[in-house]
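Since the structure comes first, as structure tokens, the remarks are kept for the end.
Note that the structure is a prediction, hence the values are computed from the model and not measured.
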Amino acid sequence: MSAVSYSAIRQRFSTAVKTIAGFTESRNPLDPQIRQPDTLSNLRFAVGIGGSVAREDSRQLSPVGAYVETSVEVRFTYRLRPKDQVTDYDGSMDQAELVIKKIMDRGAPLYTNIHIRYDRMVHNVTDSGEYIITSLEFGVLHHLPLN
């Protein structure tokens, strides 16, 4: 397995999510809330690297790289209409499932030299009650370049 950088992994996830109808990438990096004008916020997403830890069961050699597990987060917003919030809550979960299915659909270039595992989903309604922010977390096994 060839080494893959953090930025390449982030970009691959972003490219995969962009292919889902209606999703557009935020111009800002991943943050607790996706800061966009309200008219642009529905299905706006960001991808970020949450952290990385070296695997204890591997050697770290310059030509091969360090074998690591990296946490990748995909965060997106979903608008809650004032008069139909329960339906929109369900809709946000349906969109989360679409993202999970897209990421877990094994194929190139997303899966080239990496292994992906779905870890968890977290839903939070914004203070204004206008949006749900959904965070999807994935674990990625890969070699990190050391040369």
Side-chain angles (χ1 to χ4, degrees), residues 1-38 40-80 85 88-147:
M1 185 164 37
S2 296
V4 181
S5 69
Y6 295 129
S7 61
I9 292 170
R10 194 211 66 76
Q11 291 166 11
R12 289 180 190 180
F13 270 72
S14 173
T15 299
V17 176
K18 284 179 196 174
T19 65
I20 302 171
F23 277 81
T24 56
E25 188 169 19
S26 173
R27 297 177 304 215
N28 303 321
L30 187 72
D31 62 5
Q33 294 195 0
I34 298 176
R35 303 177 203 290
Q36 301 292 327
D38 285 343
L40 300 174
S41 290
N42 191 48
L43 296 179
R44 186 70 97 177
F45 77 94
V47 177
I49 301 295
S52 188
V53 62
R55 299 287 305 239
E56 292 181 21
D57 57 347
S58 69
R59 297 176 66 193
Q60 297 182 9
L61 305 169
S62 291
V64 177
Y67 193 46
V68 297
E69 182 168 356
T70 299
S71 173
V72 178
E73 184 175 347
V74 177
R75 186 175 295 149
F76 70 91
T77 57
Y78 193 89
R79 187 168 191 283
L80 292 173
Q85 290 191 344
D88 289 340
Y89 181 79
D90 289 343
S92 73
M93 288 187 286
D94 292 342
Q95 293 299 316
E97 288 178 25
L98 285 176
V99 173
I100 294 165
K101 288 174 186 174
K102 177 57 86 172
I103 297 299
M104 298 309 294
D105 183 18
R106 299 186 186 279
L110 179 59
Y111 274 79
T112 303
N113 295 317
I114 66 174
H115 297 285
I116 301 171
R117 180 190 71 242
Y118 168 67
D119 285 336
R120 73 183 193 140
M121 175 184 77
V122 176
H123 262 1
N124 289 308
V125 177
T126 60
D127 291 339
S128 68
E130 189 175 359
Y131 288 94
I132 289 181
I133 298 176
T134 301
S135 296
L136 302 170
E137 296 177 18
F138 300 87
V140 177
L141 293 173
H142 65 105
H143 284 91
L144 183 66
L146 293 178
N147 55 5

Report task. Measure across L144 and S5 and return the closest heavy-atom pair with its distance rounded to 0.1 Å. Result -> CD1-CA, 4.5 Å
Query - N/O donor-acceptor pair under 3.5 Å between R12 side chain and T112 backbone - result: yes
Report task. Nearest 0.5 Å please: distance from the OG1 atom of T15 over to the CZ atom of R10. Result -> 8.0 Å
Query raised in the report: Going by heavy atoms in the side chains, are V72 and I49 under 4.5 Å from each other?
Result: yes
Requested in this report: Measure the spacing between CG of L110 and CD1 of I9 and express it to the nearest 0.5 Å.
Outcome: 9.5 Å
Report task. Say whether, by atom type as modelled, one donor and one acceptor occur between the side chain of N42 and the main chain of R79 under 3.5 angstrom. Result -> yes
Query raised in the report: With a 4.5 Å heavy-atom cut-off, do L80 and E130 have their side chains touching?
Result: no
Report summary line: A96 and M121 have their tightest heavy-atom pair at CB-SD, 3.7 Å
Query raised in the report: Backbone N or O of I103 within a donor-acceptor pair of the Y111 side chain at under 3.5 Å?
Result: yes
Report task. Considering non-hydrogen atoms only, spot the tightest contact between S135 and E73 and give its length. Result -> OG-OE2, 3.0 Å
Query - Where V4 and H142 come nearest, the two heavy atoms and their spacing - result: O-ND1, 3.0 Å
**Report entry** Qualifying residue for side-chain contact (heavy atoms from CB on, under 4.5 Å) with F138, from R120, R117, M104
**Finding:** M104
Query - Check against side-chain contact (heavy atoms from CB on, under 4.5 Å), F23 and L98 - result: CA-CA 11 Å; F23 277 81; L98 285 176; 5.7 Å; no
Query raised in the report: When rounded to the nearest 0.5 angstrom, what is the spacing between CZ in R75 and CD in E137?
Result: 8.5 Å
Report task. Quick one: closest heavy-atom pair of A46 and S26, and the distance? Result -> CB-CB, 4.4 Å
Requested in this report: Output yes when a side-chain donor or acceptor of R44 lies under 3.5 Å from a complementary backbone atom of E25, and no otherwise.
Outcome: yes
Report summary line: Between A21 and L43, the two heavy atoms sitting closest are O-CD1, 4.4 Å
Query raised in the report: H123 pairs by ring-ring contact (aromatic ring centres under 6.0 Å, His included) with which of Y131, F76, Y89, Y78?
Result: Y89
Requested in this report: Before giving the answer on side-chain contact (heavy atoms from CB on, under 4.5 Å), spell out for T70 and I114 the whole-Å C-alpha distance, their side-chain angles and the decisive distance to 0.1 Å.
Outcome: CA-CA 10 Å; T70 299; I114 66 174; over 6 Å; no
Requested in this report: Could you check if a side-chain atom of I20 sits within less than 4.5 angstrom of a side-chain atom of F45, using non-hydrogen atoms only?
Outcome: no
Requested in this report: With the side chain counted from C-beta on, respond yes when K102 and V17 share a heavy-atom pair under 4.5 Å apart, and no when they do not.
Outcome: no
**Report entry** Straight-line distance of D94 CG to D88 CG, nearest 0.5 Å
**Finding:** 11.0 Å
Report task. Nearest 0.5 Å please: distance from the CD atom of Q95 over to the OG1 atom of T134. Result -> 9.5 Å
